[in-house]
Every structure is written in structure tokens, then in C-alpha cells.
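A short worksheet on the structure shown next.
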Amino acid sequence: MKNIILSAIAMAFVLVSCNQKNKEGVTNSEVSEPVTQTEPIHEHQEGDMHDEAKSEEVATTADQTSFSIKEIVNNYLTLKNALTKDDTNGAADAGKALYATFNKVNSNSIDATLKAGYLDIADDAKESAEHIGDNAGKLDHQREHFVMLSKDINDLIKTFGAGQKLYQDFCPMADDGKGAIWISETKEIKNPYLGSKMPKCGTIKKEL
């Protein structure tokens with residue numbers, strides 16, 4: 001009889017233990033079940049697509065508002081070529097055309113980081129162009145202002161580019177022997193400071 005009672009107690013203890021383990025197993029399984037989240041990932045991908053579209057839009061806008069000094073350079077070259085021929089009237093006309101070109105530039109189309117530098121150079125260049133335009137018949141005076149004008153055009157080309165192959169030439173005898181540069185569209189030396197007196201005087205300093 002005593003053995004039967006002990007056996008019943010043992011069986012009851014085993015059943016209780018098994019039930020407790022089963023409950024713990026269910027609880028642990030519920031806690032550790034992974035949670036899948038797909039919505040945030042989808043939203044992030046949409047955000048990336050939006051950022052890419054915005055970047056493309058900004059790049060397109062920058063291309064549309066790009067600033068060019070091509071017309072300024074072309075006017076300068078016309079002026080330079082007139083001086084190589086001792087053509088004081090042609091130089092005056094080219095000086096006036098260059099002055100007008102500077103005046104019609106829309107400075108708002110220039111990148112904000114370059115605008116102040118452009119305006120500083122352009123103010124000096126305009127003054128030189130105006131003097132050359134107003135002094136037909138005074139070749140020496142025109143060439144004096146061409147020295148400064150050439151430096152200004154060279155600075156503009158370094159900042160904005162010219163959109164064409166150009167050369168920086170140097171005459172050691174210009175500007176009362178101090179030497180001066182000029183910009184040319186050809187490799188052939190045609191000196192605008194000495195003209196017909198010494199047309200071949202000078203060297204190419206570098207390609208722009």
C-alpha cells in the first residue's frame with residue numbers, strides 16, 4: 001500500500017514538470033519569433049530615388065545657367081589683330097565692341113563663388129577697352145591700355161575657360177622694356193605691341 005502511494009506521488013510530480021516545460025517552450029518560442037519589417041525599407045528606397053532625381057535636376061539647372069566669356073574673348077582677339085596691323089581705327093572699333101559686350105553681361109548668371117572676382121576683373125577690362133575705343137589715331141596710347149587689358153583677359157580665361165585653344169605670348173620689349181603678354185588664337189607670332197616694326201618679336205609662353 002505504501003509503495004502504491006509513493007508511485008502515485010512520483011507520477012504526479014513528473015506530469016507537473018512536463019507541463020511546466022511545455023509552457024516555457026511555448027513562451028520562449030513566442031518571444032524569439034523574428035519580426036519582418038518591409039515598409040521602412042520600401043520607404044528608404046523611395047527616398048533614394050527622390051534624392052537622385054533632385055541631384056539630376058540641380059545638375060541640369062547648373063548647365064543651363066553656365067557662364068561663358070567666348071564673346072569677350074572674340075572681341076579681344078579682333079582688337080589684338082587690329083593692333084598687329086597698326087590699324088588704330090580698327091582697334092578703336094573693336095575696343096568699343098568689347099566695352100559693349102562687357103556691359104551686356106548678366107552677372108546673375110555667374111556662379112556666386114566667382115561673381116565678385118569676375119566683376120573686379122571686368123571693371124578694369126572695361127576701362128581699358130573704353131580708352132582704346134575712345135582714342136582712334138593714338139596707337140601708342142591704345143597699346144598702353146592693351147597691356148592691362150591682356151592681363152585681365154588672361155585672368156578671365158584662367159577662371160572661366162575660353163572654349164577654344166589659345167596661346168599666351170610674351171614680348172620682352174613691350175611696356176617700355178618691362179615686357180607684356182597677349183593672348184593669341186594662333187601659334188604664329190604676330191606682335192600687337194610693335195606691329196609692323198617688329199611683327200615677329202615674342203615667344204609663346206604657354207597654351208591655355
Holding to side chain to side chain donor-acceptor pair (under 3.5 Å), I want the full list of residues that pass it with [X], two or more places apart in sequence or in another chain.
| X | result |
| --- | --- |
| D87 | none |
| D123 | none |
| K200 | E188 |
| T88 | Q142 |

Under the side chain to side chain donor-acceptor pair (under 3.5 Å) rule, what do K190 and N81 come out as? Steps first, then yes or no, please.
-> CA-CA 8 Å; K190 294 183 179 181; N81 290 332; over 6 Å; no
Hydrophobic clusters join Ile, Leu, Val, Met, Phe, Trp and Tyr when side-chain heavy atoms are under 4.5 Å apart, directly or via other members; which others share one with M148?
-> none
Report the hydrophobic cluster partners of F170, with the cluster defined as I, L, V, M, F, W, Y residues connected by side-chain heavy atoms closer than 4.5 angstrom, directly or transitively.
-> I181
[atom1] of [X] to [atom2] of [Y]: how many Å apart, nearest 0.5 Å?
| X | Y | atom1 | atom2 | answer |
| --- | --- | --- | --- | --- |
| K165 | E207 | NZ | CD | 4.5 Å |
| T78 | D93 | OG1 | CG | 10.5 Å |
| N74 | T101 | CG | OG1 | 9.0 Å |

All pairs passing ring pair (Phe, Tyr, Trp, His ring centres under 6.0 Å) where residues 70-104 contributes a residue, at least two apart = Y76-F146
Using a 4.5 Å cut-off on heavy atoms from C-beta on, say whether the side chain of T159 contacts that of I69.
-> no
Do the side chains of I153 and I121 get nearer than 4.5 Å, heavy atoms only?
->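 No; the side chains remain at least 4.5 Å from each other.
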Kindly give the heavy-atom pair with the smallest separation between [X] and [Y], and that separation in Å.
| X | Y | value |
| --- | --- | --- |
| A174 | A180 | CB-CB, 3.8 Å |
| H145 | I132 | CB-CG1, 3.9 Å |
| A125 | L149 | O-CD1, 3.8 Å |

Given the options C171, S184, S196, P199, N191 meets side chain to side chain contact (heavy atoms under 4.5 Å, CB included) only with C171
Do any pairs count as a salt bridge (Lys or Arg N to Asp or Glu O under 4.0 Å) and have a residue in residues 169-186, sequence neighbours left out, and if so which ones?
-> K80-E185
Where at least one partner belongs to residues 134-156, residue pairs that pass salt bridge (Lys or Arg N to Asp or Glu O under 4.0 Å), sequence neighbours excluded |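 For residues 134-156: D86-R143, D155-K158.
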Determine, step by step, whether K115 and D120 satisfy the side-chain contact (heavy atoms from CB on, under 4.5 Å) criterion, reporting the C-alpha distance in whole Å, the side-chain angles of both residues, the deciding distance to 0.1 Å, and the verdict.
-> CA-CA 9 Å; K115 185 176 179 179; D120 185 48; over 6 Å; no
Working for side-chain contact (heavy atoms from CB on, under 4.5 Å), residues W182 and L83 | CA-CA 11 Å; W182 78 90; L83 291 175; over 6 Å; no
Using the test side-chain contact (heavy atoms from CB on, under 4.5 Å), find all partners of K187 that sit at least two apart in sequence or belong to another chain.
->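 Per chain and number, K187 pairs via side-chain contact (heavy atoms from CB on, under 4.5 Å) with Y167, I204.
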Step through the shown structure and confirm whether more than 12 heavy atoms of other residues, nucleotides or ligands are within 6.0 Å of CD on E127.
-> no
Give a yes or no on whether the backbone of S150 and the side-chain of N154 come within a donor-acceptor separation of less than 3.5 Å.
->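 Here the side-chain-to-backbone pair does not exist.
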Listed by chain and number, what are the salt bridge (Lys or Arg N to Asp or Glu O under 4.0 Å) partners of E71, not counting sequence neighbours?
-> K104
Salt bridge (Lys or Arg N to Asp or Glu O under 4.0 Å) partners for K206, two or more places apart =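 Counting only residues at least two positions away or on another chain, K206 forms no salt bridge (Lys or Arg N to Asp or Glu O under 4.0 Å).
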Applying side-chain contact (heavy atoms from CB on, under 4.5 Å), run through L119 and S107 and close with a yes or a no.
-> CA-CA 8 Å; L119 292 175; S107 60; 4.1 Å; yes
